[in-house]
Engineer: 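Supplied in structure tokens, the structure appears directly below.
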Amino acid sequence: MKSRVKLLAAPYLAWLLIFTIVPLCVVVYFAFTDADGHVTLANLGAMRDYLPTFADSLLLAAISAAICLLIGYPTAYAITRAPASRQRFLILLIMLPMCMSFLLRTLALVALLEDQGILNNILSAVGLGRVTLIRRPAAVVAGMVYNYLPYMIMPLHSVLVKLDGKLIEAAQDLGCSRLRVLLRVILPLSVPGIISGVTMVFVPAVSTFYISKKLGGTSTAMIGDIIESQFKTSYNLNAGAAMSLVLMIIVFICMGIMNRFTGDSEVDLL
Amino acid sequence: MNKLLKIFTILVFAFLYLPILLLILASFNSGASLAAFSGATFYNYAELFADDDLIGLMLNSILISVLAAALATVLGTAAALGIFRMRKPVRKLILNATNIPITNPDIVTGISLSLLFAFVGRLLRIESVLGFTTLLLAHVTFNLPYVILSVMPKLRQLNPSLNEAALDLGYTPIQAFFKAILPEIMPGILTGAMTAFTMSLDDFVISYFVYGPEFSTLPIEIYNYTKKPVPPKIYALFTLTFFALLLIMIAMNLLQIRDEKRRNRAFDKVSTR
């Protein structure tokens, strides 16, 4: 009986093998071969030219994740302080943008920031003159923060809302100041939420290819942009695969480092 | 302090909704620009409903999302039941592998699948393998982890004697599953199905690498639109989708509240008895 129940997983395991594990092996295969199928290290060797791009992408994604955490943490905390019925509505308002086309929302952000955009029109109307807001790394960071902030708030909220109020009361009874309660009780207990939020912002941010294209200048091309153009414009599948492989390894290393902080406890990604 | 926090939160919400508000305004704008409002009109909505191509693309998106979510829900629920019965090291290994499509950047998932399809195409000597099937396969693949991760916790919460009790009362194992186990894990299955559906509906990055010319979805077309000036009817579509989703979410919220109240009342009755 028991073994027959296990068989229910068989179709999925076949699917997992064919559409998740094998494709990763195919990426490795393409990364180490040339267009004719001969084994080569040239694709990975060529990555040296893209080192600055990799560094820029990592830096911008890390800054975005940090800003999301700084903005997201107080917001998530404030939401948990709201009465239950309003809390649910606020969470709904956080989730709603996640379901809407990020392409169009990014375009709206461009309309806000561009040279003839809304912010610049307001600035020039009040006599402050126009400022270049777009086509710079800061604009890309703004786009990332805007797009991925909900992914930071959700896991933080789900951790903070489960926090036992008695622990905070106990800490206060024992003479902790509000700041110490925050630093010694609330913050350590929300580490799993922080890790999961940072991951959920960092991973899509480091690999994005639309946000940087619309908000960044020519100098701020990111890894995602280059991978996309290898596949969609120059049709160099092998170079694209090599780049994807490196990106994947970088992400896995980052995740490994972050998971160190959580120890054995499972991080709830949902 | 509390007041400061409140103002901060309001600002965050304003930041999240300002671009959305802009798009909604643009849907009523008689000009084509997002940045300048030239006058109010419903013209864009008329344009939207007259555009069969756009409505066709929307139906394509819904078709792919429904099919992918349904397939992933059946496969994923069966998988969760099976995985749950496995020994811990095996279970952990499989769950780690299940996490791959979630933790991997979308672009890598999209590229790995597109390379797989290219590889198979090369083996079979077919010019273009990309199309409806590859799109569906990709969507099921990235949906499966969300279903499994929503069903597993429900299985963990299950009372282990529930199945035995059902069997003792004379149910066959299959009846026991459908009458005793399934209703208990249903909330997890529904969450998984809903997550899968919304993920599919809005997916652009993975679809972009595995779609073929004969079958496209709305997000892909929107991407192609954004390379040239966007026709304002797209903003009208965005606005309608926004309010439809808002209504659905509020309705689900109200149902949940009613459900909880009912359960609390039932609990009160049991405990006062």
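Lettering follows sequence order; numbering is per chain, from 1.
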Engineer: Under a 4.5 Å heavy-atom cut-off, does chain A meet the side chain of B:F8, its backbone, both or neither?
Structural biologist: side chain
Engineer: Given that the side chain runs from C-beta out, which part of B:F209 has a heavy atom under 4.5 Å from chain A: side chain, backbone, both or neither?
Structural biologist: both
Engineer: Contact part of A:M255 toward chain B, heavy-atom cut-off under 4.5 Å: side chain, backbone, both or neither?
Structural biologist: side chain
Engineer: Sort B:I148 into side chain, backbone, both or neither according to what part of it lies under 4.5 angstrom from a heavy atom of chain A.
Structural biologist: side chain
Engineer: Below 4.5 Å from any heavy atom of chain A, which atoms of B:F204 appear? Answer side chain, backbone, both or neither.
Structural biologist: side chain
Engineer: Between B:Y208 and chain A, which part of the residue has a heavy atom less than 4.5 Å away: side chain, backbone, both or neither?
Structural biologist: both
Engineer: Under a 4.5 Å heavy-atom cut-off, does chain B meet the side chain of A:M243, its backbone, both or neither?
Structural biologist: neither
Engineer: Would you check, one step at a time, whether the test side-chain contact (heavy atoms from CB on, under 4.5 Å) holds for A:I79 with B:F13?
Structural biologist: CA-CA 11 Å; A:I79 293 174; B:F13 275 94; 4.2 Å; yes
Engineer: Measuring heavy-atom distances to chain A, does B:L22 have an atom under 4.5 Å in its side chain, in its backbone, in both, or in neither?
Structural biologist: side chain
Engineer: Under 3.5 Å, side chain of A:Y210 to main-chain N/O of B:V205, donor-acceptor pair present?
Structural biologist: no
Engineer: With a 4.5 angstrom heavy-atom cut-off, is it the side chain or the backbone of B:D202 that approaches chain A, or both, or neither?
Structural biologist: side chain
Engineer: So for B:F117, is it side chain, backbone, both, or neither that comes closer than 4.5 Å to the heavy atoms of chain A?
Structural biologist: side chain
Engineer: Which atoms of B:L18 come close to chain A, meaning under 4.5 Å heavy atom to heavy atom: side chain ones, backbone ones, both, or neither?
Structural biologist: side chain
Engineer: Which bit of A:I71 comes within less than 4.5 Å of chain B, counting heavy atoms only: side chain, backbone, both or neither?
Structural biologist: both
Engineer: Counting only non-hydrogen atoms closer than 4.5 Å, does A:L13 touch chain B with its backbone (N, CA, C, O), its side chain (CB onward), both, or neither?
Structural biologist: side chain
Engineer: What part of B:L115 gets closer than 4.5 Å to chain A, counting heavy atoms only: side chain, backbone, both or neither?
Structural biologist: both
Engineer: Quick check on A:Y146 against chain B: is it the side chain, the backbone, both or neither that has a heavy atom closer than 4.5 Å?
Structural biologist: both
Engineer: Roughly how far, to the nearest 0.5 Å, is CG of B:D203 from CZ of A:F102?
Structural biologist: 9.0 Å
Engineer: Go through the atoms of A:V27 and report whether side chain, backbone, both or neither lie under 4.5 Å from a heavy atom of chain B.
Structural biologist: both
Engineer: Give, as side chain, backbone, both or neither, the part of B:S114 having an atom under 4.5 angstrom from any heavy atom of chain A.
Structural biologist: side chain
